[in-house]
Structure formats: C-alpha cells, structure tokens
Protein chains: 2
Amino acid sequence: MAKPPKENSPITEHLAYLLAQANREINRQLELRLSKEGVPVEQWRILKVLSDGEGHSMGELADAVLLNHPTLTKMIDRMVSDTLVYRVQDPNDRRKVLMFISDRGKVLCKKLNSLAVDQEEHILESYGDKSTSELKRLLESLIDSSN
Amino acid sequence: MAKPPKENSPITEHLAYLLAQANREINRQLELRLSKEGVPVEQWRILKVLSDGEGHSMGELADAVLLNHPTLTKMIDRMVSDTLVYRVQDPNDRRKVLMFISDRGKVLCKKLNSLAVDQEEHILESYGDKSTSELKRLLESLIDSSN
DNA sequence: CTTCAATTCTTGAATATTCAATATTTTCAA
DNA sequence: TTGAAAATATTGAATATTCAAGAATTGAAG
C-alpha cells in the first residue's frame, strides 16, 4: 500500500532525498575511517581501481570513480606528487594517458582496504546481512534501469 | 549466498560505492528537470521544507537539506536576493534566524514539485512500484540504524 | 549579578570544483 | 591523402564549498 509522492509530500519521502541522506551518512563514516591515513574517499577509489595493475585511461577512471575529468586531473596531480600513482602515455592512442599504481600506492591501498572492510562489517552488524545484500541488489538494479 | 566484500573485492561491490553511484544518477536526472526553472536541487529542498509556512532556523534547515552551515548561509543569501525566501530574527532567541518562504517562492516551489513528481513517476515506470517502495524502506532503515 | 562557557549564525581566506576553451591525436569521409 | 570532425586530457578563470575564526546572544554556575 505504498503511496506515490504527492506534490506536497515531505521531502523526506522522495527517493532522491533518501539516497542523498544515506549516501551522505555512509560516506561520512567511511571518510572518518580513511582519515586515519589522511586519504579522501576518492583517492581510495582511484587506488582500488588501479590496483588491478592494468593501465587505465583518465576517462575510464573518471567514470569509475564518479568524478568529472578536470576534477580527476587535479586529484591525480596531487597523487602523482605523493608518488601514489604515475602517468604513462598510451602507446596505442597518444591522446590517452594511462594511469598506474605505484608500489607505495599498493601499500597504502591495502591499509585503506582493511579500514573500508571494517566499515562494511560494522554496517553488517548494525544493519544486518539480509538487509545489506538486499539493498545492494536493489541499488544495482536501480542503476541498471537508469541507463 | 551473498559474500561479504573481501579486501580485494572490486569497488563496485561496496555499499558506499553503490550508494554514491545511485545518488549521482538520480540526482543528475532531477537536476536536469529542475534546470527547466534554473534552480539547483538544494534550493528546491529549501523551498520545500519552508513551504509548511513555519519559520525554520538556519541550523534546522542545514540539517534538513543536507548542507553545512556556511554553505547554507551563502545559498540563502542568493535566494533572498531572488526574493524567494526571507529572514526574520527569532524573537524568542535572538541568536537564531527564522527563514520563511515568500509568495514568489511558493509559486516557484509548486512548479518544481511537479517537475520532481514527474521524475518519481518516471522512476516508478522503469524501476517498478515494488522495487521503489522496498528500496525506500531499506534506505530509511539504513539511515535509522546509522544513528 | 557577573562572568564564563555554549549555542547560533555569519564572514573571510583557503581550497576544491566546474565550465569553457585549448592542444593534441585519431578517425573517417571525400 | 587531406581536411574536417570527434575523442582525450589539461588549463585557467569563475564559482562554490569548507575550515577556522569571529560576533552576538543565551544559559548557568558561582
């Protein structure tokens, strides 16, 4: 018996708002953990994507880590300064730049991964296995249906 | 048979990532609709909260619309310039400022509401009634369990 | 009372993000 | 093969957000 939101329904009933609120809260928690290593969430995502050892172009990365191109470029600049990642021009398409993770980046990524796993475990405890996997399933399908 | 994420699981399996991705996508769609009236999502949220006609303090508003205080102050400055809202000092506690929606703000809010309802209906169509209400339920309970 | 800490909001400087324009390389049609 | 259009990444200026500090008011303990 779920009612569709009327024009004057409170904002808290809108899907867009619930998503924003949940995202904000979970992100805040994750941020808090990762701050132990002084690393923003986006950098962890970048390291994680690159930790397959393959080279990834900036465009690919931008999509994967949900940042737009200029923002990513500037964040990568910082990470290059910190020698966490490095750039290589793609030999097959010289418009592209391939990003790789450094050894230092790999070491940091491992530490960050376990901080993140801590968080997921904490969520599993307070929220429950069943709800968590069901929520993940629904989110994936929402994302699918939006493309 | 849902597996908990291992240290080296892809980023796309993390709840934090799925939430960020879904939020980004739904927000992008909403933004697109509201841009017809040239209004950012946050301003719509503000108008919607204020449209109960009551006065709301800045702190209250900041919580409700998921913005931190200085960001809200500056956004409200713009909205005051556009005569969508106005400030009144709280007579009972002069530290506080009470925000009210103007007549112009009410008119705009109505238009925005129907654009937002359009979007929710679009989601219901492509994603389904059942999934939508189930997702909302799970999100609410995740938010609850995080406090 | 009076003073000191807490609350609320705003401000200004530092930082980050975005938009539009640019440079480079590739693609592909004529 | 050439030349125009598309794709990729970066830059710089404009804009927005955040952090830390400040001003005003209230609360409450001594």
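Only this structure's heavy atoms are used, side chains among them; waters, hydrogens and symmetry mates stay out. A, B, ... follow the sequence lines: proteins, then strands. Residue 1 opens every chain.
- Note: CG (A/D63) to P (D/dA7) measures 14 Å, nearest angstrom.
- Positionally, the nearest nucleotide of DNA chain C for B/K96 lies more toward the 5' end than for the other of B/K96 and A/P91.
- In this entry the distance linking CG of B/D90 with P of C/dT8 reads 11 Å, nearest Å.
- The existence of a salt bridge linking A/R87 and A/D77 is confirmed by a sub-4.0 Å separation between a basic side-chain nitrogen and an acidic carboxylate oxygen.
- Summarising the geometry, the separation between CZ on A/R87 and C1' on D/dT8 is reported as 13 Å, rounded to the nearest angstrom.
- Aromatic ring orientation, A/Y86 versus A/F100: parallel (interplanar angle below 30°, classes split at 30° and 60°).
- Atom-to-atom, NE2 of B/H69 to C1' of C/dG12 comes out at 18 Å; the value is rounded to the nearest Å.
- Look at CD1 on A/I76: it is 11 Å from P on D/dA9, rounded to the nearest Å.
- B/R137 has no carboxylate O lying under 4.0 Å from a charged side-chain N of B/E140, or vice versa, which leaves the two without a salt bridge.
- Under 3.5 Å, the side chains of A/T71 and A/N68 contain a donor-acceptor pair of N or O atoms.
- No side-chain N or O of A/T132 forms a donor-acceptor pair with one of A/D129 less than 3.5 Å apart.
- Summarising the geometry, the separation between CG on A/L61 and C1' on D/dT10 is reported as 15 Å, rounded to the nearest angstrom.
- A 4.5 Å side-chain heavy-atom check between A/R104 and A/L108 finds every atom pair outside the cut-off.
- Using a cut-off of 4.0 Å between Lys/Arg side-chain N and Asp/Glu carboxylate O, B/R28 and B/E25 are scored as salt-bridged.
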Can you give me every donor-acceptor pair (side chain of residues 49-58 of chain A, partner residue at least two apart or in another chain, under 3.5 Å) with its distance?
{"unit_1": "A/S51", "atom_1": "OG", "unit_2": "A/K48", "atom_2": "O", "d": "2.7"}
{"unit_1": "A/D52", "atom_1": "OD1", "unit_2": "A/E54", "atom_2": "N", "d": "2.9"}
{"unit_1": "A/D52", "atom_1": "OD1", "unit_2": "A/H56", "atom_2": "NE2", "d": "3.1"}
{"unit_1": "A/D52", "atom_1": "OD2", "unit_2": "A/H56", "atom_2": "NE2", "d": "2.9"}
{"unit_1": "A/H56", "atom_1": "ND1", "unit_2": "A/E60", "atom_2": "OE2", "d": "2.8"}
{"unit_1": "A/S57", "atom_1": "OG", "unit_2": "A/E60", "atom_2": "N", "d": "3.2"}

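- Within residues 24-31 of chain B, no residue places a heavy atom under 4.0 Å from DNA chain D.
- For the pair A/L138/B/Y127, a side-chain contact is recorded, criterion being any heavy-atom separation below 4.5 Å from C-beta on.
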Each nucleotide of nucleotides 16-25 of chain C classed B (base within 4.0 Å of a protein heavy atom), S (only sugar-phosphate) or -, in 5' to 3' order, makes -SBBB---BB
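- Rounded to whole angstrom, the span from the NE2 atom of A/H56 across to the C1' atom of D/dA9 amounts to 17 Å.
- Here B/S57 reaches the OP1 or OP2 of C/dC9: one of its side-chain N or O atoms lies under 4.0 Å away.
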